[in-house]
A.B. asks: 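Just passing along the structure, written as structure tokens.
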Amino acid sequence: MPETVDVAVVGGGVIGLSAARELRLAGVDRVVVLEREASVGQGSSSRANGGVRAQFTTRANIEFSAFSIAELERLDAATGLLGFHQTGYLLLCGTEAGEQGLRAAFELQRSLGVDTVWLTPAEALERAPFVRPEGLRAATFHARDGFLDPHGVVAALRAEAERLAVEVRTATEVTAIEPAPGGLDLRAGDRALRAGFVVNAAGPAAGRVAALAGSDLPVVPVRRNLAYVREPDAPGELIPMCVDLDTGVLIRREASGGFVVAWSDPSDPPSWETTVDPRFLEQLAQRVGNRFPLLEELPLDPRQCWAGLYPETPDHHAVVGPAPERPALLHCAGFGGHGVMHAPAAGRAVAELVTLGGSRTFDLHPLRPARFAEGDVVVETAVL
Ligand SMILES: Cc1cc2nc3c(=O)[nH]c(=O)nc-3n(C[C@H](O)[C@H](O)[C@H](O)COP(=O)(O)OP(=O)(O)OC[C@H]3O[C@@H](n4cnc5c(N)ncnc54)[C@H](O)[C@@H]3O)c2cc1C
């Protein structure tokens, strides 16, 4: 007979660890995390920029952010591990279309209780005097946004999960998932497991894990690059996470000095490649001066760039819910560039799906797996 558990979580990144923690907090008895690498948090979670924001354009993402920011604040206060700097995000735009989109998102955020403020160009420049003012039309700012250390989030979630008696099995790859009485059977490393529910939290590999169970999940890996730019002088004061909506470039200052700079090419195809894209520095150099001329003067060093994989979906929303083909398989994947920040909400949603059969905290309808087959998707446009 296979070993039995209540819930087996496939993937020990921020999403899987958060789900396991919330499942135990909700009273689920036997929860196991199955991670193929030698330690948890080595996948996309280890490559993230650590940005946290409520400034999205859809209700689903804003509500996930609002819940998660409060939980990340609590977790940072409780563990001291997150390094959560609430510098705010400053979104800057210089086009008429950009301003209209920013206004609509701002109004939606406010209607959902997020305290985003609308800034004139002069007010934006007070917050970020280094921004190039030419053509700037408007900006928004949310003070509880900011950035944190993704490794700290992994460490805190792992510690909490283990304190709650979650069993974390590393070096354990899930290679088969099959229907069984009362749930699903898994092949995990060299062992057989029977689980009431299986949570697919395999990040960029979630489509592959879904396929093991005969479920079609459009989550694909897309390479994203980041650059660190050293400052010649002593570290300056922290700045908001500044986003140039006209080009998609975002910058922040590290607490220890220097800037982290990001730009995502929307035309990048799916890829498992995690080395830095050789075109990245040139693409960045062409755009960074639009709003951030101070960075044009500092040297971009290819040795201080890194890349990782966004687990992407066609509508830039995560997939959270039971697989239509296998209701005991709960997908919780496809978080794109917002998985670290949304991990608390993702975990809570999974725990409620298991214990209540649906979520009482979130409306998961826009995130349901069936939306792609039904052709009923809402697209998130604030993709960075
Ligand atoms: C350059 C970059 C910048 C980013 N910036 C941000 C940011 O500023 N803010 C933010 O919130 N997010 C950001 N992200 C996105 C964020 O990193 C991801 O959305 C998040 O880490 C996804 O977490 P996950 O747990 O789903 O995936 P992962 O961390 O990849 O975890 C999935 C785990 O599943 C394991 N696994 C896969 N298949 C199997 C199997 N068959 N059996 C067992 N284990 C398996 C993997 O080994 C992996 O450890 C960024 C990502 C990148 C690449």
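All ligand and atom numbering here is 1-based and tracks the order in the structure.
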A.B. asks: Are any of the N/O atoms on Gly51, whether in the backbone or the side chain, positioned under 3.5 angstrom from an N/O atom of ligand 1?
C.D. replies: yes
A.B. asks: Under a 4.0 angstrom heavy-atom cut-off, which atoms of ligand 1 come close to Pro204?
C.D. replies: 30 (O)
A.B. asks: On a heavy-atom basis, I'd like to know which of Asn49, Leu309, Thr175 is closest to atom 5 (N) of ligand 1.
C.D. replies: Asn49
A.B. asks: At less than 4.0 angstrom from any non-hydrogen atom of His338, what atoms of ligand 1 do you find?
C.D. replies: 10 (C), 11 (O), 12 (N)
A.B. asks: Which heavy atom of the protein is the closest neighbour of atom 12 (N) of ligand 1, given with residue, atom name and distance?
C.D. replies: Gly337 O, 3.0 Å
A.B. asks: Could you tell me whether the side chain of Val31 reaches within less than 4.5 Å of the side chain of Asp6, counting heavy atoms only?
C.D. replies: no
A.B. asks: Checking contacts here: is it the side chain or the backbone of Val340 that comes within 4.0 Å of ligand 1, counting heavy atoms only? Could be both or neither.
C.D. replies: both
A.B. asks: Give the residue, atom name and distance (to 0.1 Å) of the protein heavy atom nearest atom 25 (O) of ligand 1.
C.D. replies: Ile15 N, 3.1 Å
A.B. asks: With nothing but distance in play, are any N or O atoms of Leu226 less than 3.5 Å from an N or O of ligand 1?
C.D. replies: no
A.B. asks: At a 4.0 Å threshold, what atoms of ligand 1 neighbour a non-hydrogen atom of Ala201?
C.D. replies: 32 (C), 34 (O)
A.B. asks: Where on Ala333 is there a heavy atom closer than 4.0 Å to ligand 1, on the side chain, on the backbone, on both, or on neither?
C.D. replies: neither
A.B. asks: List the closest protein heavy-atom neighbour of atom 15 (C) of ligand 1: residue, atom name, distance to the nearest 0.1 Å.
C.D. replies: Gly336 O, 3.0 Å
A.B. asks: What residue and atom, counting heavy atoms only, is the protein's closest point to atom 29 (O) of ligand 1, and at what distance?
C.D. replies: Ser45 OG, 2.5 Å
A.B. asks: Indicate yes or no: does an N/O atom of Arg224 lie under 3.5 Å from an N/O atom of ligand 1?
C.D. replies: no
A.B. asks: Using a strict cut-off of 4.0 Å, indicate which atoms of ligand 1 neighbour a heavy atom of Ala205.
C.D. replies: 37 (C), 38 (N)
A.B. asks: So is there a nitrogen or oxygen of Gly16 less than 3.5 Å from a nitrogen or oxygen in ligand 1?
C.D. replies: no
A.B. asks: If hydrophobic clusters are built from ILVMFWY residues whose side chains come within less than 4.5 Å, do Leu125 and Ile239 share one?
C.D. replies: yes
A.B. asks: Flag the pair Phe362 / Phe64 as yes when their ring centroid distance falls below 6.0 Å, and as no otherwise.
C.D. replies: yes
A.B. asks: For ligand 1, which atoms have a heavy atom of Tyr310 less than 4.0 angstrom away?
C.D. replies: 2 (C), 3 (C), 4 (C), 50 (C), 51 (C), 52 (C), 53 (C)
A.B. asks: Looking only at protein heavy atoms, identify the closest one to atom 38 (N) of ligand 1 and say how far it is in Å.
C.D. replies: Arg36 NH1, 3.4 Å
A.B. asks: Who's closest to atom 42 (N) of ligand 1 heavy-atom-wise, of Leu212, Val174, Val219?
C.D. replies: Val174
A.B. asks: Does ligand 1 have any atom sitting under 4.0 Å from a heavy atom of Thr172?
C.D. replies: yes
A.B. asks: Are Arg169 and Leu193 packed together at the side-chain level, in the sense that at least one heavy-atom pair is separated by less than 4.5 angstrom?
C.D. replies: yes
A.B. asks: If you have a sec, work out which protein heavy atom is nearest atom 31 (O) of ligand 1 and how many Å separate them, to one decimal?
C.D. replies: Gly13 CA, 3.4 Å
A.B. asks: Look at the side-chain heavy atoms of Ile, Leu, Val, Met, Phe, Trp and Tyr, link any pair under 4.5 Å apart, and say whether Val168 and Leu157 land in one connected group.
C.D. replies: yes
A.B. asks: Any side-chain heavy-atom pair from Leu92 and Val243 closer than 4.5 angstrom?
C.D. replies: no
A.B. asks: Within 45° of the six-membered ring axis of Trp306 and under 6.0 Å from that ring's centre, is NZ or CZ of Arg47 located there?
C.D. replies: no
A.B. asks: Do any nitrogen or oxygen atoms of Gly41 lie less than 3.5 angstrom from nitrogen or oxygen atoms of ligand 1?
C.D. replies: no
A.B. asks: If you have a sec, work out which protein heavy atom is nearest atom 47 (O) of ligand 1 and how many Å separate them, to one decimal?
C.D. replies: Glu35 OE2, 2.7 Å
A.B. asks: Counting each atom of ligand 1 from 1 as listed, which ones have a heavy atom of Glu37 under 4.0 Å away?
C.D. replies: 47 (O)
A.B. asks: Can you sort out which atoms of ligand 1 are near Val209, meaning under 4.0 Å from one of its heavy atoms?
C.D. replies: 41 (N)
A.B. asks: At a 4.0 Å threshold, what atoms of ligand 1 neighbour a non-hydrogen atom of Gly11?
C.D. replies: 33 (C), 34 (O), 35 (C)
A.B. asks: May I have the step-by-step check of ring-ring contact (aromatic ring centres under 6.0 Å, His included) for Phe141 and Tyr89, ending in yes or no?
C.D. replies: CA-CA 6 Å; Phe141 180 77; Tyr89 259 60; 9.5 Å; no
A.B. asks: Would you find more than 12 non-hydrogen atoms of other residues, nucleotides or ligands less than 6.0 Å from Glu96 atom CD?
C.D. replies: no
A.B. asks: Can you confirm whether Glu282 is buried at CD, in the sense that more than 12 heavy atoms of other residues, nucleotides or ligands lie under 6.0 Å from that atom?
C.D. replies: no
A.B. asks: Among all protein heavy atoms, pick the one closest to atom 17 (O) of ligand 1 and tell me residue, atom and distance.
C.D. replies: Ser44 O, 3.2 Å
A.B. asks: Answer yes or no: does atom CZ of Arg103 have more than 12 heavy-atom neighbours from other residues, nucleotides or ligands under 6.0 Å?
C.D. replies: yes
A.B. asks: Specify side chain, backbone, both or neither for Val40, according to which of its non-hydrogen atoms lie closer than 4.0 Å to ligand 1.
C.D. replies: neither
A.B. asks: Heavy-atom distance under 4.5 Å between the side chains of Leu34 and Val174, does that happen here?
C.D. replies: yes
A.B. asks: Classify the side-chain pair Glu35/Thr172 by whether it contains a donor and acceptor separated by less than 3.5 Å.
C.D. replies: no
A.B. asks: So is Arg53 actually on top of Phe56's ring, under 6.0 Å and inside 45° of the axis?
C.D. replies: yes
A.B. asks: Quick one, Glu273 and Thr275 - any side-chain contact, counting heavy atoms below 4.5 Å?
C.D. replies: yes
A.B. asks: Can you tell me if Arg59 has over 12 outside heavy atoms packed within less than 6.0 Å of its CZ?
C.D. replies: no
